[in-house]
2 protein chains.
Amino acid sequence: MVTIREVAKEAGVSVATASRALNGMSNVTEPTRAKIEAVAARLNYVPHSGARSLTKRQTDTIGVILPDLFGEFFSELIRGIDKAVHAEGKTLLLGTMHGRQEETAQAIRAMRGRVDGLIIMPPETVAKTLDTEPLVAFPIVMLNAPPKGSTLPFVSIDSRAGAEMITRHLIERGARKIVHISGPANNRDAIERAAAFRDIMKAELGIADPVILPGDFCEGSGEKAIVALLTSGIAFDAVFAANDVMAVEAMMSLRDAGYAIGTEVLVAGFDDIPLARYVSPGLTTVRSEITKLGEAAARTLLALLKGELDEESHGTVIVPRLAVRGSTAGRDEAA
Amino acid sequence: MVTIREVAKEAGVSVATASRALNGMSNVTEPTRAKIEAVAARLNYVPHSGARSLTKRQTDTIGVILPDLFGEFFSELIRGIDKAVHAEGKTLLLGTMHGRQEETAQAIRAMRGRVDGLIIMPPETVAKTLDTEPLVAFPIVMLNAPPKGSTLPFVSIDSRAGAEMITRHLIERGARKIVHISGPANNRDAIERAAAFRDIMKAELGIADPVILPGDFCEGSGEKAIVALLTSGIAFDAVFAANDVMAVEAMMSLRDAGYAIGTEVLVAGFDDIPLARYVSPGLTTVRSEITKLGEAAARTLLALLKGELDEESHGTVIVPRLAVRGSTAGRDEAA
DNA sequence: TTGAAAGCGCTACCAT
DNA sequence: ATGGTAGCGCTTTCAA
């Protein structure tokens, strides 16, 4: 591998001058620069980013630590982050902890010296831990985990607002006996969505203790919940699943069980993954705009790095909107 | 940030000893090691991977350059790569060229000094260029682009075999007037799939010049193709799209136009993205096992880095299998 | 077993 | 405008 030193020697200048020329600094004579560039091209010189990072104390790399890489949610998220990061000419270092929480700390440590800042989406409520960990010496933006008592900047989706909207929507469309399929018990979003569901059921219908079936956000749990529901004999006229994956599965299971989706039984999800519009009927859901979420996180971090993070963008809460489709056409139309 | 020097000083040893102790080398007295580790923990020392990479001339990072990040294909691919890479304790550096071919070379250069090796999925037939480029001084594995006249190791899916299978399958299920929606004209996979389709139509049905509609693998083009098809008045009883995204769209469009999918008109795709099994009827497609593809690429690169790449694994061609679902239930059953 | 010191490839400061 | 040189934080000979 040819280094800058060889280029300098070959061009008959010092490494300092070579460095300046190659980095487009102004204080280099035009002929000198031309010669250096020619030599660099001839020798096929490619700067060693690692070495450069070491001296500049800046890596131009953004690290992302995700709980997992499964499904469309993460792919959309990464796309959003990449979009913003790439726009600033920086690169993306991807780390996951494969669901294992113990790996989080290690994953973060491994980032030291490789990235300028980190976007972390903790699997659960690791936020507090992170804030305590003194090792967190570099800029961090939390994703979807509004840190309680933490001072870390964050970007998240307003799960509560979304769940409220959708529950109201189901009621408006004629549902009265709504069943909720929740996410993991230790997941903040899942908890908020379930709580919001309860609140609206109480406020709008006076139902203090609505049916909530356990789920885990993953494939398999939507179907399981429906099987349990049907077996239980509980009466229902709508299902609100805490995310789209479960909602789609629930929809399929209900359809297979002979229910007419959208009229006899309304179904709604949360996230608006691409799949939601392809199933039939289309799935009514809460549009999180995942890509936007990723972009916002990246932009917050980028601003933080530049020291331009103003107070108001310190914490960004994205308020989702409804995406109404066929799965909640309405009970009235069933008649 | 605390460096190894501070740890050494605080522990009353030389940096050399500190380094050895922290890296678990054997030639350090137990008490010395204990003390150093205690100090490191107390000072919350985290090694600087960048600096370490520089001296060791090894980054423990694998770079991946993708044409884009859109859709499930790439998310599954990344997941596969990450799986293999993570298993070896290495990290993943992600680069994309956002469809712009000019960015490829630059993206590769930017990797110098950051990664030990590269997995590249060129948008088109950049393989040759890459092989020529002398800058490619580090280990590279090509993804899905069997380099013509290139000596780079590669992993790819046998598009031809897959397309042959599925065309035969459609014919078996009673289709005679099959229309193909192709991918981008400059995409190798797209070209091979179309060619295989032609060959089988010729061989099995004696149709030398089957209808092939242009597409681009992306959302929008499946629908467009169907609109064109319906407008043209061309007779058809099956549609084989070069990838699932277009196939699903085509399916929806045809259904909206009043066709019974799976009986009146058969539809098939290519890739087997998760979505394929959720639409209804399920989409018959070619199972590429994208995750496996990513894993294989990563493993090839890892072996290459270890100097363990034997001749036969130099080029891996994954032969896909059919995933038969409702969208090709069969024309016979229509009766 | 431990320490001193020479780099890894580059940038940036201080001279000239 | 150009050159010499001191690091960036770490690993790794070479000596002791």
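For clarity, every value in this text was computed on a predicted model and none was experimentally measured. Sequence lines set the chain letters: A, B, ... in the order given, protein chains first and strands last, and positions in each chain run from 1.
Ion pair B:Lys306/B:Glu88 flagged as a salt bridge, since at least one NZ, NE, NH1 or NH2 atom sits closer than 4.0 Å to an Asp/Glu carboxylate oxygen. With respect to B:Arg79 and B:Glu295, no salt bridge is recorded, no charged nitrogen being found less than 4.0 Å from a carboxylate O.
Along DNA chain D, the nucleotide nearest to B:Thr17 and the one nearest to B:Ala51 differ in position, and the one closer to the 5' end is contacted by B:Ala51. In this structure, B:Arg112 and B:Ala18 both approach DNA chain C, and ranking their closest nucleotides by distance from the 5' end singles out B:Ala18. Nearest-nucleotide mapping onto DNA chain C: of B:Arg33 and A:Ala16, the residue sitting toward the 5' end is B:Arg33.
Contacts with DNA chain C (heavy atom under 4.0 Å) in residues 34-41 of chain A: none are found. Of the residues in residues 6-13 of chain A, those lying under 4.0 Å from DNA chain D by heavy-atom distance are A:Gly12, A:Val13. Non-hydrogen atoms lying under 4.0 Å from DNA chain C are contributed by B:Arg20, B:Asn27, B:Val28, all within residues 20-28 of chain B.
Contact between the side-chain N/O atoms of B:Thr55 and the OP1/OP2 oxygens of C:dG7 is not found at any separation under 4.0 Å. For C:dT11, one of the phosphate oxygens OP1 or OP2 lies less than 4.0 angstrom from a side-chain nitrogen or oxygen of A:Arg52.
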**OP:** Give the intermediate values and the outcome of salt bridge (charged side-chain N to carboxylate O under 4.0 Å, His left out) for residues B:Arg33 and B:Glu30.
**Re:** CA-CA 5 Å; B:Arg33 149 169 296 126; B:Glu30 204 37 65; 3.8 Å; yes
**OP:** Evaluate side-chain contact (heavy atoms from CB on, under 4.5 Å) for A:Val64 paired with A:Leu143, printing each intermediate quantity in order.
**Re:** CA-CA 10 Å; A:Val64 182; A:Leu143 202 53; over 6 Å; no
Subject >> side-chain contact (heavy atoms from CB on, under 4.5 Å) between B:Ile65 and B:Met97, worked out >> reply: CA-CA 7 Å; B:Ile65 298 185; B:Met97 33 225 192; 3.6 Å; yes
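Among the heavy atoms of the strands lying under 4.0 Å from B:Thr32 are primed sugar atoms or P, OP1, OP2 only; no base atom is included. At the heavy-atom level, B:Ser19 lies under 4.0 Å from base atoms of the strands shown.
Between the side chains of B:Arg109 and A:Asn44, no donor-acceptor pair of N or O atoms lies under 3.5 Å. Using modelled atom types and a 3.5 Å distance limit, the side chains of A:Asp189 and A:Ser159 yield a donor-acceptor pair.
At distances below 3.5 Å, at least one donor-acceptor pair connects side-chain atoms of B:Asp216 with backbone N or O atoms of B:Cys218. Under the 3.5 Å distance criterion, the side-chain polar atoms of A:Asn144 are matched with a main-chain donor or acceptor of A:Ile157. The closest donor-acceptor contact from the side chain of B:Thr59 to the backbone of B:Arg114 lies under 3.5 Å.
Inter-residue side-chain proximity for A:Leu77 and A:Leu66 is flagged as met; some heavy-atom pair is nearer than 4.5 Å. Using a 4.5 Å cut-off on side-chain heavy atoms (C-beta onward), A:Phe74 and A:Pro67 make contact. Looking only at side-chain heavy atoms (C-beta outward), A:Met1 and B:Arg112 come within less than 4.5 Å of each other. Looking only at side-chain heavy atoms (C-beta outward), A:Leu69 and B:Ile78 come within less than 4.5 Å of each other.
Following rounding to the nearest Å, B:Arg57 (CZ) and C:dA6 (P) show an atom-to-atom distance of 18 Å. In this structure, the NZ atom of A:Lys56 is 10 Å from the C1' atom of C:dC10, given to the nearest Å. Rounded to an integer number of Å, the gap from B:Leu54 CG to C:dC8 C1' is 4 Å.
Comparing the helix axis at one end of the helix from C:dT1-D:dA16 to C:dT16-D:dA1 with that at the other, each defined from 5 consecutive pairs, gives an inter-axis angle of 40° (nearest 10°).
From the 5' end on, the contacts that DNA chain D makes with chain A at under 4.0 Å to a non-hydrogen atom open and close at D:dA1 to D:dG9.
Residues satisfying the salt bridge (Lys or Arg N to Asp or Glu O under 4.0 Å) criterion with A:Arg20, sequence neighbours excluded, are absent altogether.
At most 12 non-hydrogen atoms from other residues, nucleotides or ligands lie less than 6.0 angstrom from CZ of A:Arg5.
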